[in-house]
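Structure first, then comments.
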Amino acid sequence: CSEPDNELQENSRWPRVSKFTLSASAATVAELVTFPLDLTKTRLQIQGEGGSQQHGGNVQPPKYRGMLSTALGIVREEGPLKLWQGVTPAIYRHIVYSGGRMLAYEQLRESVLGRSEDGVFPVWKAVIGSMISGALGQFIASPTDLVKVQMQMEGRRRLEGKPPRVHGVYHAFTKIVAEGGIRGLWAGWVPNVQRAALVNLGDLMTYDTVKHFLLRNTSIPDNSICHGLASICSGLVAAIMGTPADVVKTRVMNQPRDSNGRGLLYKSSTDCLVQSVRKEGFFSLYKGFLPTWFRMAPWSLTFWLTFEQMRRAMGISSF
(Lines give C-alpha, C1' and ligand atoms only; values in the text may rest on other atoms or scores of the structure.)
Protein backbone atom coordinates (compact mmCIF):
# COMPACT_ATOMS: atom_id res chain seq x y z
CA CYS A 1 0.00 0.00 0.00
CA SER A 2 1.16 3.54 -0.65
CA GLU A 3 1.78 5.95 2.19
CA PRO A 4 -1.39 7.98 1.52
CA ASP A 5 -3.43 4.75 1.53
CA ASN A 6 -1.92 3.79 4.89
CA GLU A 7 -2.78 7.21 6.30
CA LEU A 8 -6.35 6.90 5.00
CA GLN A 9 -6.75 3.46 6.61
CA GLU A 10 -5.32 4.73 9.88
CA ASN A 11 -7.62 7.77 9.89
CA SER A 12 -10.68 5.58 9.28
CA ARG A 13 -9.63 3.13 11.99
CA TRP A 14 -8.62 5.67 14.66
CA PRO A 15 -12.04 7.31 15.14
CA ARG A 16 -13.60 3.89 15.86
CA VAL A 17 -10.87 3.06 18.38
CA SER A 18 -11.25 6.53 19.90
CA LYS A 19 -15.03 6.28 20.16
CA PHE A 20 -14.86 2.85 21.79
CA THR A 21 -12.27 4.06 24.32
CA LEU A 22 -14.15 7.28 25.09
CA SER A 23 -17.45 5.42 25.53
CA ALA A 24 -15.81 2.93 27.90
CA SER A 25 -14.05 5.71 29.84
CA ALA A 26 -17.21 7.82 30.23
CA ALA A 27 -19.16 4.73 31.33
CA THR A 28 -16.47 3.92 33.93
CA VAL A 29 -16.80 7.40 35.44
CA ALA A 30 -20.61 7.13 35.53
CA GLU A 31 -20.43 3.63 37.05
CA LEU A 32 -18.13 4.70 39.89
CA VAL A 33 -20.35 7.68 40.73
CA THR A 34 -23.66 5.79 40.77
CA PHE A 35 -22.71 2.19 41.70
CA PRO A 36 -24.06 2.35 45.31
CA LEU A 37 -27.51 2.93 43.85
CA ASP A 38 -27.13 -0.17 41.70
CA LEU A 39 -26.26 -2.23 44.77
CA THR A 40 -29.31 -1.03 46.71
CA LYS A 41 -31.50 -1.71 43.66
CA THR A 42 -30.19 -5.29 43.43
CA ARG A 43 -30.78 -5.97 47.15
CA LEU A 44 -34.37 -4.68 46.88
CA GLN A 45 -35.10 -6.82 43.80
CA ILE A 46 -33.69 -10.06 45.25
CA GLN A 47 -35.64 -9.99 48.52
CA GLY A 48 -39.03 -11.67 48.42
CA GLU A 49 -38.21 -14.11 45.62
CA GLY A 50 -39.53 -17.65 45.91
CA GLY A 51 -38.26 -19.61 48.88
CA SER A 52 -35.53 -17.18 49.88
CA GLN A 53 -37.51 -15.73 52.76
CA GLN A 54 -38.68 -18.97 54.36
CA HIS A 55 -37.06 -20.28 57.52
CA GLY A 56 -38.64 -23.01 59.59
CA GLY A 57 -41.92 -22.68 57.72
CA ASN A 58 -42.26 -18.99 58.54
CA VAL A 59 -42.02 -16.24 55.96
CA GLN A 60 -39.67 -13.47 57.00
CA PRO A 61 -40.80 -9.90 56.40
CA PRO A 62 -38.71 -7.95 53.87
CA LYS A 63 -35.48 -6.76 55.45
CA TYR A 64 -35.34 -3.59 53.34
CA ARG A 65 -38.36 -1.38 52.68
CA GLY A 66 -36.90 1.45 50.65
CA MET A 67 -33.88 2.77 48.86
CA LEU A 68 -32.57 4.93 51.72
CA SER A 69 -33.26 2.22 54.31
CA THR A 70 -31.36 -0.29 52.19
CA ALA A 71 -28.34 1.97 51.73
CA LEU A 72 -28.19 2.93 55.41
CA GLY A 73 -28.57 -0.73 56.43
CA ILE A 74 -25.63 -1.75 54.23
CA VAL A 75 -23.44 1.04 55.65
CA ARG A 76 -24.41 0.23 59.25
CA GLU A 77 -24.16 -3.57 59.03
CA GLU A 78 -21.44 -4.10 56.43
CA GLY A 79 -19.49 -0.84 56.18
CA PRO A 80 -19.54 2.04 53.66
CA LEU A 81 -17.07 0.42 51.26
CA LYS A 82 -19.53 -2.46 50.75
CA LEU A 83 -21.65 -0.02 48.73
CA TRP A 84 -19.05 -0.56 45.99
CA GLN A 85 -18.96 -4.36 46.31
CA GLY A 86 -18.94 -5.77 42.77
CA VAL A 87 -17.82 -2.52 41.13
CA THR A 88 -14.82 -4.19 39.43
CA PRO A 89 -16.85 -6.59 37.24
CA ALA A 90 -19.35 -3.75 36.70
CA ILE A 91 -16.56 -1.65 35.20
CA TYR A 92 -15.36 -4.61 33.13
CA ARG A 93 -18.93 -5.01 31.88
CA HIS A 94 -19.24 -1.38 30.84
CA ILE A 95 -15.91 -1.38 29.04
CA VAL A 96 -17.33 -4.13 26.81
CA TYR A 97 -21.02 -3.18 26.88
CA SER A 98 -20.95 0.62 26.62
CA GLY A 99 -17.94 0.67 24.34
CA GLY A 100 -19.61 -1.85 22.05
CA ARG A 101 -23.15 -0.47 22.07
CA MET A 102 -22.09 3.12 21.42
CA LEU A 103 -19.77 2.16 18.59
CA ALA A 104 -22.36 -0.18 17.06
CA TYR A 105 -25.14 2.44 17.24
CA GLU A 106 -23.03 5.14 15.61
CA GLN A 107 -21.95 2.76 12.83
CA LEU A 108 -25.58 1.74 12.25
CA ARG A 109 -26.69 5.38 12.23
CA GLU A 110 -24.00 6.67 9.90
CA SER A 111 -23.26 3.70 7.60
CA VAL A 112 -25.91 0.94 7.70
CA LEU A 113 -29.32 2.51 8.36
CA GLY A 114 -28.32 6.00 7.29
CA ARG A 115 -29.82 9.42 7.88
CA SER A 116 -32.54 11.03 5.78
CA GLU A 117 -31.65 13.46 2.99
CA ASP A 118 -32.15 16.39 5.37
CA GLY A 119 -29.65 14.87 7.81
CA VAL A 120 -32.27 13.67 10.31
CA PHE A 121 -32.06 10.15 11.77
CA PRO A 122 -35.72 8.95 11.82
CA VAL A 123 -37.15 7.68 15.10
CA TRP A 124 -37.98 4.26 13.65
CA LYS A 125 -34.36 3.82 12.57
CA ALA A 126 -33.18 4.99 16.00
CA VAL A 127 -35.43 2.34 17.59
CA ILE A 128 -33.94 -0.43 15.44
CA GLY A 129 -30.36 0.79 15.83
CA SER A 130 -30.55 1.25 19.59
CA MET A 131 -32.11 -2.18 20.24
CA ILE A 132 -29.66 -4.03 17.98
CA SER A 133 -26.61 -2.28 19.45
CA GLY A 134 -27.81 -2.82 23.03
CA ALA A 135 -28.55 -6.50 22.50
CA LEU A 136 -25.19 -7.10 20.79
CA GLY A 137 -23.17 -5.27 23.44
CA GLN A 138 -24.96 -7.02 26.30
CA PHE A 139 -24.62 -10.51 24.85
CA ILE A 140 -20.86 -10.08 24.69
CA ALA A 141 -20.75 -8.59 28.20
CA SER A 142 -23.14 -11.09 29.88
CA PRO A 143 -20.43 -13.05 31.77
CA THR A 144 -19.27 -9.91 33.59
CA ASP A 145 -22.87 -9.02 34.45
CA LEU A 146 -23.39 -12.46 36.02
CA VAL A 147 -20.26 -12.04 38.16
CA LYS A 148 -21.33 -8.52 39.18
CA VAL A 149 -24.75 -9.63 40.48
CA GLN A 150 -23.27 -12.54 42.43
CA MET A 151 -20.59 -10.36 44.06
CA GLN A 152 -23.16 -7.74 45.02
CA MET A 153 -25.05 -10.35 47.08
CA GLU A 154 -22.03 -11.66 49.01
CA GLY A 155 -22.36 -9.12 51.82
CA ARG A 156 -25.92 -10.19 52.53
CA ARG A 157 -24.99 -13.89 52.44
CA ARG A 158 -22.30 -13.35 55.10
CA LEU A 159 -24.73 -11.50 57.36
CA GLU A 160 -27.18 -14.40 57.05
CA GLY A 161 -24.44 -16.80 58.16
CA LYS A 162 -24.12 -18.41 54.74
CA PRO A 163 -20.69 -19.31 53.34
CA PRO A 164 -19.43 -16.97 50.60
CA ARG A 165 -19.88 -18.24 47.07
CA VAL A 166 -17.10 -16.18 45.52
CA HIS A 167 -13.96 -14.48 46.82
CA GLY A 168 -13.18 -12.18 43.90
CA VAL A 169 -13.68 -11.60 40.20
CA TYR A 170 -11.26 -14.31 39.02
CA HIS A 171 -12.62 -16.85 41.50
CA ALA A 172 -16.20 -16.04 40.43
CA PHE A 173 -15.38 -16.67 36.77
CA THR A 174 -13.54 -19.94 37.45
CA LYS A 175 -16.28 -21.17 39.81
CA ILE A 176 -19.01 -20.51 37.24
CA VAL A 177 -17.03 -22.31 34.52
CA ALA A 178 -16.29 -25.25 36.85
CA GLU A 179 -19.98 -25.67 37.77
CA GLY A 180 -21.69 -24.94 34.46
CA GLY A 181 -18.98 -24.94 31.81
CA ILE A 182 -18.40 -22.08 29.39
CA ARG A 183 -22.16 -21.96 28.76
CA GLY A 184 -22.60 -21.17 32.47
CA LEU A 185 -21.02 -17.75 31.86
CA TRP A 186 -24.06 -16.90 29.73
CA ALA A 187 -26.64 -17.99 32.32
CA GLY A 188 -29.52 -15.55 32.13
CA TRP A 189 -28.32 -14.08 28.83
CA VAL A 190 -31.84 -14.00 27.39
CA PRO A 191 -33.32 -11.61 30.01
CA ASN A 192 -29.96 -9.80 29.96
CA VAL A 193 -30.21 -9.11 26.25
CA GLN A 194 -33.94 -8.33 26.45
CA ARG A 195 -33.29 -5.77 29.18
CA ALA A 196 -30.35 -4.23 27.30
CA ALA A 197 -32.42 -3.86 24.14
CA LEU A 198 -35.21 -2.11 26.09
CA VAL A 199 -32.87 0.08 28.15
CA ASN A 200 -30.92 1.06 25.05
CA LEU A 201 -34.19 1.84 23.30
CA GLY A 202 -34.98 4.22 26.14
CA ASP A 203 -31.45 5.60 26.51
CA LEU A 204 -29.81 5.89 23.09
CA MET A 205 -32.94 6.48 21.03
CA THR A 206 -34.34 9.05 23.47
CA TYR A 207 -31.04 10.91 23.88
CA ASP A 208 -30.30 11.01 20.16
CA THR A 209 -33.86 12.03 19.24
CA VAL A 210 -34.35 14.64 22.00
CA LYS A 211 -30.90 16.19 21.52
CA HIS A 212 -31.31 16.73 17.80
CA PHE A 213 -34.94 17.84 18.23
CA LEU A 214 -33.72 20.56 20.62
CA LEU A 215 -30.95 21.59 18.22
CA ARG A 216 -33.37 21.81 15.25
CA ASN A 217 -36.37 23.41 16.98
CA THR A 218 -35.00 25.60 19.77
CA SER A 219 -32.28 28.18 20.21
CA ILE A 220 -30.36 25.93 22.62
CA PRO A 221 -26.83 25.38 21.26
CA ASP A 222 -24.96 22.06 21.23
CA ASN A 223 -23.62 22.43 24.77
CA SER A 224 -23.94 20.92 28.26
CA ILE A 225 -27.47 22.32 28.74
CA CYS A 226 -28.70 20.51 25.63
CA HIS A 227 -26.84 17.34 26.61
CA GLY A 228 -28.20 17.52 30.17
CA LEU A 229 -31.84 17.93 29.10
CA ALA A 230 -31.58 15.06 26.62
CA SER A 231 -29.90 12.79 29.19
CA ILE A 232 -32.60 13.48 31.82
CA CYS A 233 -35.26 12.36 29.34
CA SER A 234 -33.26 9.30 28.33
CA GLY A 235 -32.72 8.20 31.93
CA LEU A 236 -36.46 8.33 32.72
CA VAL A 237 -37.56 6.44 29.60
CA ALA A 238 -34.80 3.85 30.06
CA ALA A 239 -35.93 3.19 33.66
CA ILE A 240 -39.59 2.80 32.66
CA MET A 241 -38.79 0.37 29.87
CA GLY A 242 -36.00 -1.54 31.55
CA THR A 243 -37.12 -2.15 35.15
CA PRO A 244 -39.36 -5.23 34.56
CA ALA A 245 -36.68 -6.93 32.47
CA ASP A 246 -34.09 -5.90 35.08
CA VAL A 247 -36.04 -7.58 37.90
CA VAL A 248 -36.40 -10.79 35.89
CA LYS A 249 -32.75 -10.70 34.82
CA THR A 250 -31.49 -10.23 38.38
CA ARG A 251 -33.61 -13.06 39.79
CA VAL A 252 -32.71 -15.53 37.01
CA MET A 253 -28.99 -14.80 37.35
CA ASN A 254 -28.94 -14.97 41.16
CA GLN A 255 -30.89 -18.23 41.60
CA PRO A 256 -29.08 -21.38 42.85
CA ARG A 257 -28.11 -23.90 40.18
CA ASP A 258 -27.71 -27.67 39.95
CA SER A 259 -24.57 -29.50 38.82
CA ASN A 260 -25.56 -29.01 35.18
CA GLY A 261 -25.91 -25.26 35.55
CA ARG A 262 -29.71 -25.30 35.34
CA GLY A 263 -31.65 -22.94 37.61
CA LEU A 264 -33.51 -24.43 40.58
CA LEU A 265 -36.16 -21.69 40.97
CA TYR A 266 -36.96 -20.63 37.40
CA LYS A 267 -36.93 -22.58 34.14
CA SER A 268 -36.63 -19.46 31.98
CA SER A 269 -37.05 -15.72 32.01
CA THR A 270 -40.70 -16.18 31.03
CA ASP A 271 -41.22 -18.60 33.95
CA CYS A 272 -39.64 -16.05 36.31
CA LEU A 273 -41.92 -13.33 34.93
CA VAL A 274 -45.05 -15.46 35.42
CA GLN A 275 -44.06 -16.64 38.91
CA SER A 276 -43.24 -13.11 40.06
CA VAL A 277 -46.58 -11.70 38.88
CA ARG A 278 -48.57 -14.66 40.24
CA LYS A 279 -46.96 -14.69 43.69
CA GLU A 280 -46.22 -11.01 44.26
CA GLY A 281 -48.44 -9.09 41.83
CA PHE A 282 -47.76 -7.05 38.67
CA PHE A 283 -46.00 -4.25 40.48
CA SER A 284 -43.37 -6.68 41.73
CA LEU A 285 -41.92 -6.16 38.23
CA TYR A 286 -41.30 -2.54 39.24
CA LYS A 287 -39.69 -3.48 42.55
CA GLY A 288 -36.70 -1.20 42.82
CA PHE A 289 -38.04 1.25 40.18
CA LEU A 290 -37.12 4.36 42.17
CA PRO A 291 -33.52 3.28 42.81
CA THR A 292 -33.36 2.18 39.16
CA TRP A 293 -34.53 5.61 38.03
CA PHE A 294 -32.49 7.47 40.65
CA ARG A 295 -29.47 5.55 39.39
CA MET A 296 -30.20 5.82 35.68
CA ALA A 297 -30.84 9.56 35.85
CA PRO A 298 -27.43 10.51 37.36
CA TRP A 299 -25.74 7.68 35.41
CA SER A 300 -27.15 8.96 32.14
CA LEU A 301 -26.36 12.57 33.03
CA THR A 302 -22.78 11.74 34.07
CA PHE A 303 -22.18 9.47 31.08
CA TRP A 304 -23.48 11.78 28.37
CA LEU A 305 -21.87 14.95 29.73
CA THR A 306 -18.53 13.16 30.16
CA PHE A 307 -18.80 11.44 26.78
CA GLU A 308 -19.65 14.62 24.87
CA GLN A 309 -16.88 16.62 26.59
CA MET A 310 -14.34 13.86 25.91
CA ARG A 311 -15.32 13.79 22.23
CA ARG A 312 -14.94 17.55 22.02
CA ALA A 313 -11.54 17.44 23.72
CA MET A 314 -10.37 14.73 21.28
CA GLY A 315 -11.58 16.69 18.27
CA ILE A 316 -14.34 14.19 17.43
CA SER A 317 -17.70 15.56 16.30
CA SER A 318 -20.58 15.73 18.80
CA PHE A 319 -22.70 12.59 19.13
For Arg183, enumerate each residue passing the side-chain hydrogen bond (donor to acceptor under 3.5 Å, both in side chains) test, keeping only those at least two apart in sequence or located in another chain.
-> none

Are the side chain of Gln275 and the backbone of Cys272 linked by a donor-acceptor contact shorter than 3.5 Å?
-> no

Do other residues, nucleotides or ligands put more than 12 heavy atoms under 6.0 Å from the CZ atom of Arg278?
-> no

Nearest-0.5 Å distance, CG of residue Leu136 to CD1 of residue Ile132 = 9.0 Å

Does Leu301 sit in a hydrophobic cluster with other residues, and if so which ones, taking ILVMFWY side chains as linked at heavy-atom separations under 4.5 Å, directly or through other members?
-> Leu305

Donor + acceptor pair across side chains of Ser234, Lys211 (<3.5 Å) = no

Quick one: sort the Tyr207 and Phe319 rings into parallel, tilted or perpendicular, breaks at 30° and 60°.
-> tilted

Would you kindly confirm whether Tyr97 and Ile140 end up in one hydrophobic cluster when ILVMFWY residues are joined by side chain heavy atoms under 4.5 Å apart?
-> no

Does the pair Glu280/Arg251 count as a salt bridge with the N-to-O cut at 4.0 Å?
-> yes

Compute whether any side-chain donor of one residue and acceptor of the other, for Asn200 and Tyr105, lie under 3.5 angstrom apart.
-> no

Do Arg312's NZ or CZ and the ring of Phe307 fall within the cation-pi criteria of under 6.0 Å and 45°?
-> no

Trace of the side-chain hydrogen bond (donor to acceptor under 3.5 Å, both in side chains) decision for Gln138 with Arg101 = CA-CA 8 Å; Gln138 183 56 54; Arg101 75 183 177 107; over 6 Å; no

Roughly how far apart are Arg109 CZ and Ser130 OG, rounded to 0.5 Å?
-> 11.5 Å

Is there side-chain contact between Leu204 and Ser133, with at least one heavy-atom pair below 4.5 Å?
-> yes

Is Met241 reachable from Leu285 through a run of I, L, V, M, F, W or Y residues, each pair having side-chain heavy atoms under 4.5 Å apart?
-> no

